[in-house]
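Before anything else, here's the structure in question.
In what follows, every heavy atom counts, from backbone to side chain, and hydrogens, waters and symmetry copies are set aside. Along the sequence shown, residues are numbered consecutively beginning with 1. First listed ligand is number 1; within each ligand, the first listed atom is number 1.
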Amino acid sequence: MSSFVCLVVVFVLININNTRNVVAFSEYSSSDDDVDTNKYTRNDFASDFVFGAGTSAYQVEGAVLEDGRTYSIWDTFAHSGFYNGANADVTCDGYHKYKEDIQLIADTGLEAFRFSISWSRLIPNGRGSINAKGLQYYNNFIDELISYGIQPHVTLHHDDLPQILEDEYGGWISKKAVKDFVAYADCCFREFGDRVLHWTTFNEVNVFTLGGYDLGFTPPGRCSPFGILNCTRGNSTYEPYLAAHHLLLAHASTVRLYRKKYKAMQHGFVGINIFFYWFEPYTNTKEDVEATQRANDFYVGWFLNPLVNGDYPEIVKKNAGTRVPSFTKLESERIKGSFDFVGINHYSSLYVKDNPSSLEMDVRDVVADMAATIIFDGILTPTQFPVAPMGLQKILKYLKEEYGNPPVYIHENGQVQPRNGTLNDTPRIEYLQAYIGALLDALRNGSNTKGYFVWSFLDLFELLDGYNTGYGLYYVDMYDKELTRYPKLSAHWYANFLKGKNMSGILPNVDAIDSF
Ligand code: FCB
């Protein structure tokens, strides 16, 4: 996002919140039944609970036109100038450095690693023939992880539909994308499913839809001219609902395919990933409490309700009316239950206020249909999140109570900081320590969470602001042509935690940088 637009958005949102501050979240960062977040070890978690970290293809691989890869919508989006000239043409050069990276992954003691496959590297035309070099790359990557005993957790679509399909039929606003995605997934299951047991169809299916088709700040960057970004293409009134519908149909068909064709042989699991804020009502008035529920229904229920109950939430259908496509009876039956786990990405908690006047607008988008104001308070392009781990506990409780306690993987959680080369990332350690403690608390309260992945393993090309901020356990020096990786203090902290050490309030010494 251009920094000007960011500033405007942040300024407007900060000013909405002139009477209450997010610091208030620290009020509920602990409660009586909390685990003391300073006193736990790896051994307090079940041995089959997995800890890892993650990356995604476009953000880490580079080599964007090498060995047959073609552009994805994220390449195009980055090259359109959204990141003020930055792009991931090279980024961490993970494509060439994967052995070195997997060595680091193993040295850090990660038990599992989350990464994504670039569809346009594997199948450069979007459908049809497989690129032998792309296939070889992912086979090598998976084999290398497995040689260290590290579980691969693979995402099939992390904001990177092949551009060729966007050009041909408009990508996810066309139902044609469903068939092409299922064929691509089929190829992945066939080629890699003997070694990969955990598959996620879509990363942040809700952010991809809202950012890509309503607000325009993520690929493919489509929105109506009335939006903040004033896009040149798109329609925020209709397209988000259409894209969401096709993504859900593609997800359900993929799971159906896996269950029919591969499950008995490969014994794997297929899920979907959803971005979660924890929303708190801004005041305890009935209006704000109901607005908060609406915000949850529009952000999360939009996808989880069909998956759990076979249809969109009533409030989504009511407020968006005929703009929400309907599922046929058969589609609804097939979508319902079409997941083995829910992946969640969570970073922060936000307040929500009622905003009934948005329903009076003549032309509405999803945000207006929600009739709720989310108080972002600078969190859209943050430089450090408040530590409010209770948000994670509340999400897991919400999933337990509202959606039948499905198996969950926390696919992304981590602390953002300006990417300035410092290896002393104490705020990240404090954040991780608190959130992992909250997770343990949630598990003790019956959450069905199966694994936790830090975002991100390396500092990489970030979705919202390119190279300005980083979440990495490892710093990557972009100014060094070798793109050398350096462990931050958080990498040491996590490695020691994974070794079973008691890390109570321990901040590793910066001088001990090479010794795990
Ligand atoms: C999420 C994306 C991920 C990363 C984090 C910070 O929205 O899934 O790729 O950029 O945000």
(Q) Can you see whether Tyr282 has Lys353 sitting over its ring - NZ or CZ less than 6.0 Å from the centre and within 45° of the normal? (A) yes

(Q) I need the Leu247 CG to Phe202 CZ distance, nearest 0.5 Å. (A) 5.0 Å

Q) With a cut-off of under 6.0 Å to the ring centre and 45° to the axis, is Arg121 in cation-pi contact with Tyr95? A) yes

**Q.** With sequence neighbours excluded, residues passing side-chain hydrogen bond (donor to acceptor under 3.5 Å, both in side chains) with Asn235
**A.** none

Q) Is any NZ, NE, NH1 or NH2 atom of the basic residue among Arg69 and Asp75 found under 4.0 Å from an Asp or Glu carboxylate oxygen of the other? A) yes

(Q) Just to be sure I understand the cut-off, which residues have at least one non-hydrogen atom under 4.0 angstrom from an atom of ligand 1? (A) Gln59, His158, Asn203, Glu204, Asn345, Tyr347, Glu412, Trp455, Glu462, Leu463, Tyr471

Q | Main-chain N/O of Phe461 paired with Gln59 side-chain donor or acceptor, under 3.5 Å | A | yes

